[in-house]
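Working notes, beginning with the structure itself.
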Amino acid sequence: MHNKTLAELAQGLESGDFSSVELTTHYLNRIKSLDDKTNAFITTTEEQALAQAKQADQLRSAGNASQLTGIPIAHKDIFCTEGVKTSCGSKMLDNFIAPYESTVTQKCNDAGLVMLGKTNMDEFAMGSTNESSFYGACHNPWDLEKIPGGSSGGSAAAVAARLAPIATGTDTGGSIRQPASMCNITGLKPTYGRVSRWGMIAFASSLDQAGPMAQTAEDAAMLLNTMAGLDLKDSTSMDQPVEDYTAGLNNGLEGLKIGLPKEYFAEGLNDSVKAAIEASIKELEKQGAILKEISLSTANLSVPAYYVIAPAEASANLSRFDGVRYGYRCEDPENLEDLYKRSRGEGFGDEVKRRIMIGAYALSAGYYDAYYKKAQQVRRLIKNDFANAFNEVDVIAGPTAPTTAFKLGEMTNDPVTMYLEDIFTLSVNLAGLPALTVPAGFADGMPTGLQLIGNYFQEAKLLNIGHKYQLATDWHKKTPEQFA
């Protein structure tokens, strides 16, 4: 059952080939027997999952089921889940039991989805490798000595190892797309505001966006149908009608104009990755798409702009974790100042501390205009660059990451090089655009992903392109041998 896509599982439940309890039990057993290899899960909610599965079977028997009723799902441990630990991969929240449900997880519950558990992640979503987690690094199912990508590495690894058919992730600078690329799955970062951020623990509020992670573009479309929509509890949620993202999946690609930024295929891109991406783009051309070289002249500015804006917002968002209201509190503080210093010093890991310090510096008196304000002006240039490109083409294509997954620990002491792994994804978040990553083959024995970037609220078009590509290729069907 675990090698079936979401669409196939939904059909199997509908036709009575198996029940939700049987399906859920199958995945829970796989987690028990295999997750010690990947460390993809922080928390497994077996009792709750079986109760939800039983209820789903009852709804289906009564004829009250929706398309996804009874389907198991894993949630990134950044979404608040009522009565279940929500740690954000941090010691700071190791004892935090969320008292309410995030909008994303509530929508999934309302659709009848069954929560298997909460997945591993970089601490407070800060990282590109899933090594900064308080609960230990997550391992790539394709090579257990390599990273799965981050920060949604646990969700990517869970889907790749077939420990869950689908999962939720969040993307602040590439954290859905980059691990999707490295683990050979499909991941979608929606338009900023398309999916509610309410109940999603904030890293950088103007950049964070939740999205689906799945085996295929069709599966991602099905899950996005559940996740998307206006939420009045979230002031950044967009009042934009939710279309059926599965309706146009089979539309032809004839005449589709695909822009290829010359900056995305220049120095720094691994030769094997480049060859795989170029071959995948040729496949789209075979289906009638028109390729056009374009320029995104501000592409090289995305890394410095992002690593001013994101840490600045993080330093403000994480100021609430002070040892007073909830979360980690140091032992026997001498006074209030000692409580603050030791609770934060002991509760946060090195990467989080690094970004808080960078952000606080960028926002400090005398430096705000030089750094934060300037980064926001650069952000506008990046947004304008994309707007000009979309006057010429329908979508933009290129690599998701410059390399495939590297060995665990390889870049632990070189954060700047690690930050450059997100060079092709960061600008999408700075501009607030949607982007999809689909499996595009293997480079040096490891998966790589094709990134498709669309104009605002063009998720359906991206999913259509991804689906048509996957109908013509079988990269997305390949699974790691030891998890087959």
Side-chain angles (χ1 to χ4, degrees), residues 1-2 23-53 71-91 93-98 102 104-105 108-109 113-125 127 129-142 144 146-170 175-176 179-180 182-183 185 187 200-201 210 212-215 223 408 479-480 482-483:
M1 288 191 284
H2 55 272
L23 183 61
T24 300
T25 300
H26 177 75
Y27 278 105
L28 289 170
N29 287 338
R30 282 184 64 80
I31 294 169
K32 285 179 188 175
S33 62
L34 296 171
D35 191 43
D36 60 339
K37 296 180 180 179
T38 62
N39 196 30
F41 283 84
I42 291 174
T43 303
T44 306
T45 52
E46 180 175 0
E47 187 177 330
Q48 177 178 324
L50 291 172
Q52 288 179 323
I71 296 287
I73 186 172
H75 290 301
K76 184 176 180 178
D77 202 18
I78 198 169
F79 295 99
C80 286
T81 43
E82 185 176 2
V84 178
K85 182 168 84 169
T86 301
S87 73
C88 228
S90 178
K91 180 180 179 180
L93 290 176
D94 183 49
N95 63 359
F96 177 61
I97 307 297
S102 72
V104 164
T105 55
C108 290
N109 291 342
L113 286 156
V114 175
M115 184 174 78
L116 295 170
K118 310 290 286 294
T119 55
N120 204 350
M121 57 179 285
D122 278 308
E123 185 182 10
F124 284 101
T129 66
N130 214 142
E131 292 176 285
S132 69
S133 171
F134 174 62
Y135 304 94
C138 184
H139 300 257
N140 193 314
W142 290 92
L144 297 176
K146 293 186 175 180
I147 65 161
S151 64
S152 305
S155 289
V159 174
R162 305 301 189 249
L163 305 182
I166 49 173
T168 54
T170 62
S175 290
I176 285 175
M182 292 183 172
C183 289
I185 68 166
M200 190 176 97
I201 296 172
M213 304 180 77
Q215 292 181 41
L223 182 53
L408 290 157
T479 56
Q482 58 188 314
F483 296 97

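Just so you know, these numbers use all the heavy atoms, side chains as well, and skip hydrogens, waters and symmetry mates.
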Spacing of [atom1] belonging to [X] relative to [atom2] belonging to [Y], to within rounding of 0.5 Å:
| X | Y | atom1 | atom2 | result |
| --- | --- | --- | --- | --- |
| D36 | I31 | CG | CD1 | 12.0 Å |
| I201 | C88 | CD1 | SG | 4.0 Å |
| M213 | T170 | CE | OG1 | 9.0 Å |
| L116 | I73 | CG | CD1 | 9.0 Å |
| I78 | S102 | CD1 | OG | 10.5 Å |
| C138 | N120 | SG | CG | 5.5 Å |

Mind listing the closest non-hydrogen atom pair of [X] and [Y] along with its distance?
| X | Y | result |
| --- | --- | --- |
| L28 | A49 | CD1-CB, 4.4 Å |
| M200 | A210 | SD-CB, 3.8 Å |
| P141 | P480 | O-CB, 3.3 Å |
| P165 | I71 | CG-CG2, 4.3 Å |

Test ring pair (Phe, Tyr, Trp, His ring centres under 6.0 Å) applied to F96 - qualifying residues, sequence neighbours left out
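By the ring pair (Phe, Tyr, Trp, His ring centres under 6.0 Å) rule, F96 matches Y326.
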Not counting sequence neighbours, which residues clear ring pair (Phe, Tyr, Trp, His ring centres under 6.0 Å) with F79? List them please.
none
Backbone N or O of [Y] within a donor-acceptor pair of the [X] side chain at under 3.5 Å?
| X | Y | value |
| --- | --- | --- |
| N140 | I147 | yes |
| T119 | G154 | no |
| E131 | L408 | no |
| D122 | G89 | no |

I'd like to know whether F134 forms a side-chain contact (heavy atoms from CB on, under 4.5 Å) with L93, so could you lay out the CA-CA distance, the side-chain angles of the two residues, the decisive distance to 0.1 Å, and finally the verdict.
CA-CA 10 Å; F134 174 62; L93 290 176; over 6 Å; no
Is [Y] close to [X] at the side-chain level, that is, under 4.5 Å between some pair of heavy atoms?
| X | Y | value |
| --- | --- | --- |
| L144 | Q482 | yes |
| R30 | F483 | yes |
| D35 | T44 | no |
| M182 | P148 | no |
| H75 | C108 | yes |
| I166 | P212 | no |

List the residues meeting side chain to side chain contact (heavy atoms under 4.5 Å, CB included) with [X], not counting sequence neighbours, and say none if there are none.
| X | result |
| --- | --- |
| N29 | T25, K32 |
| S87 | I42, D77, K85, Y135 |
| A53 | S20, V21, T24, V114 |

Counting only pairs under 3.5 Å, give me each side-chain donor-acceptor contact of residues 156-164, with atom names and distances, residues two or more places apart or in other chains.
| residue | atom | partner | partner atom | Å |
| --- | --- | --- | --- | --- |
| R162 | NH1 | V159 | O | 2.9 |
| R162 | NH2 | Q215 | OE1 | 3.4 |

Just checking, is any N or O donor in the side chain of K76 or S155 under 3.5 Å from an acceptor N or O on the other one?
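Short answer, no.
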Going by distance alone, is a donor N or O of one side chain under 3.5 Å from an acceptor N or O of the other, for S132 and E123?
no
Please say which of T86, V84, T81, T168 ends up in a side chain to side chain contact (heavy atoms under 4.5 Å, CB included) with T105.
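It is T81, the one option of T86, V84, T81, T168 that forms the side chain to side chain contact (heavy atoms under 4.5 Å, CB included) with T105.
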